[in-house]
Amino acid sequence: MFKNNNFIQYSIINTLSFLKESVFADEYALKKGFLQSLDPRLKTITFLLFLIQILFIKDIFILLGLYVICLLLAYLSKINLWFFLERTWIFIPLFSLFIAVPAIFSIFTPGKALMSLNILGLKLIITQQGLFGASLFVMRVTTSVSFAVLLSITTKHFELLKVLQIFKIPQIFVMTVGMCYRYIYLFIEIVENTYLAIKSRVGTKIHYKSGQRIIAWNIAFLWQRSYQLNENVYKAMLSRGYLGKPVVLDDFKIKTKDKMWLSLVAIISGLVFYFNNR
Amino acid sequence: MDNLIFELKDVYFSYLGKYPALNGIDIKVKQGEKIAVIGANGSGKSTLLHILDALIFPDKGNIKVFGKELKEENFNNEDFSQNFRKKVGLIFQNPDIQLFCPTVKEDIIFGPLQLGMEKEEIQKRLKDITHLLDIENFLDRSPHHLSIGEKRKVAMASTLIINPDVLILDEPTAGLDPLTARHIVDLLIHLNSEGKTIITSTHDLHIIEEISDTVYVFSQDKKIIKSGPSIEILKDDQLLRDHNLVHIHSHHHKGKIHIHPHIHLDHHTD
Ligand SMILES: Nc1ncnc2c1ncn2[C@@H]1O[C@H](COP(=O)(O)OP(=O)(O)O)[C@@H](O)[C@H]1O
Ligand SMILES: [Mg+2]
């Protein structure tokens, strides 16, 4: 019980740290690669276009082609391919397996039998149509997740926020997202620091009860901190002339590179459309 | 008389009406003066600075700013409010609070944008101020990923870009290495020589002589216990010891144990 508790505690801390590293690190977004240099508005729109197209593709080879393009873009954007594959493939099983695996069997997708399995007297037949459908589905998920991850790791968080703002998403929503981001960061930081502080004082072997008390106290403390933070941040905004309606600088510029990217996307989309409807 | 910037008479303030933070403060600040506010933690320094920046208003007492009485209602008027914000700038004690934008650049230009400055002018000032503080390389970084020294510089830039006549700084050198602290002190001296009024709260007795003509010493009961020229205050060992600004240190020196008051550097930062 005690051991377990410690293990859970440890895993939570690790997960939080991983989250902090992966969500909050702008490491890849700061590299000077191809996608990073594009106008964030155009990049967002073109990636949305890719995502919509992927939904309608019926041919696995077209998807494969797009996936290769995605990996190529990642490469051109100075992203470590291993990192990228790891990041995307973590999500793919989650999205696909549960939906796709049942579909390969004849009960769900009738068709020509490829293989039959006999599990506990239950005869399962894998059908060609079922397998094909499932692979198409997995490929579709893979490609769209890859594009989404690629967009998010090559774009700074504030640029995404700014894109939202420029697309006339209400101010208050954008501000709230920004604030949430701050709170989560602060929260993880406090948890990490507290954990370190406890460890340095009493070692990792905290009694279950006192561990609980420490956590409860910290949550109370966190509420108080975030309340004060909010009040003080508001003061800091007032002090610099904030009157309740933030003014943002729209300094995005469309460059030649962006126009080239737009033409490239148009060509790819044209080809995808042609092959998909052949 | 005409060059008085702040005039506080018997000012009281308490948080939420029950946590007293200032108990009858009298202060006068003349234009171009350098003022230091010193005192232990919780003696009301930050509260005073927030009152001077009109972020909170006294429960009791009277404040005159630029010769006119300061009232909370005045800030309902946008012109009045923006005009005041252009003239008076505050650099907060905790840069994590002052820096609330996703990137350093946005934080620095937040003030000028709210105050309706022209885009070209903002770009020009941004270039100058980041060059002056040597923070050009951080512009696209997120402020909360920076080191404490870098954060303080960014916080300074975000206020200095407004170019206020009166600069209020809440423990600007706390937690900094001596070299960075030195740069900040030099910058303050330079700004003062250009005619800016500088009001600083600090624990750092090393810098007081340079950054102040007049020092106000706050006591634990949130009152001013003494004020006067910085040299005189610094000579008053007993006073400084009584208010937790120095502590007695003993150490070995040539085989003997010496006991003498020791100036605090960063022990008090919260
Ligand atoms: N937001 C707040 N709510 C309640 N009490 C506060 C708040 N801020 C400060 N105080 C209290 O007011 C007093 C003065 O605090 P402060 O002005 O921050 O002192 P200093 O800056 O000298 O450390 C302290 O007793 C402190 O606990
Ligand atoms: Mg303070």
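These numbers come from the heavy atoms of this one structure, side chains and all, not from hydrogens, waters or symmetry mates. Numbered from 1 within each chain, the chains take letters A, B, ... in sequence-line order. In this text, all values refer to a predicted model and were calculated from it rather than measured experimentally.
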(request) Sequence neighbours left out, what passes side chain to side chain donor-acceptor pair (under 3.5 Å) with Lys34(B)? Give chain and number order. (result)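 If we apply the side chain to side chain donor-acceptor pair (under 3.5 Å) test to Lys34(B), skipping adjacent residues, there are no hits.
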Does some side-chain heavy atom of [Y] sit less than 4.5 Å from a side-chain heavy atom of [X]?
X	Y	answer
Met237(A)	Gln114(B)	no
Lys235(A)	His50(B)	yes
Gln93(B)	Asn232(A)	no

(message) Looking at Arg240(A) and Lys86(B), would you say the former's side chain and the latter's main chain have a donor-acceptor pair under 3.5 Å?
(response) no
(message) At a 4.5 Å cut-off on heavy atoms, which part of Gln82(B) comes close to chain A: side chain, backbone, both, or neither?
(response) side chain
(message) At a 4.5 Å cut-off on heavy atoms, which part of Asn83(B) comes close to chain A: side chain, backbone, both, or neither?
(response) neither
A quick test of your reading: do over 12 heavy atoms of other residues, nucleotides or ligands sit less than 6.0 Å from [atom1] of [X]?
X	atom1	result
Tyr19(B)	OH	no
Lys71(B)	NZ	no
Lys257(A)	NZ	yes
Glu118(B)	CD	no

(message) Tell me every residue that passes salt bridge (Lys or Arg N to Asp or Glu O under 4.0 Å) with Asp53(B), counting only those two or more places apart in sequence or in another chain.
(response) Arg85(B)
(request) Kindly compute the distance separating CD1 (Ile162(B)) from OG (Ser239(A)), expressed to the nearest 0.5 Å. (result)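 If I round to the nearest 0.5 Å, the distance is 7.0 Å.
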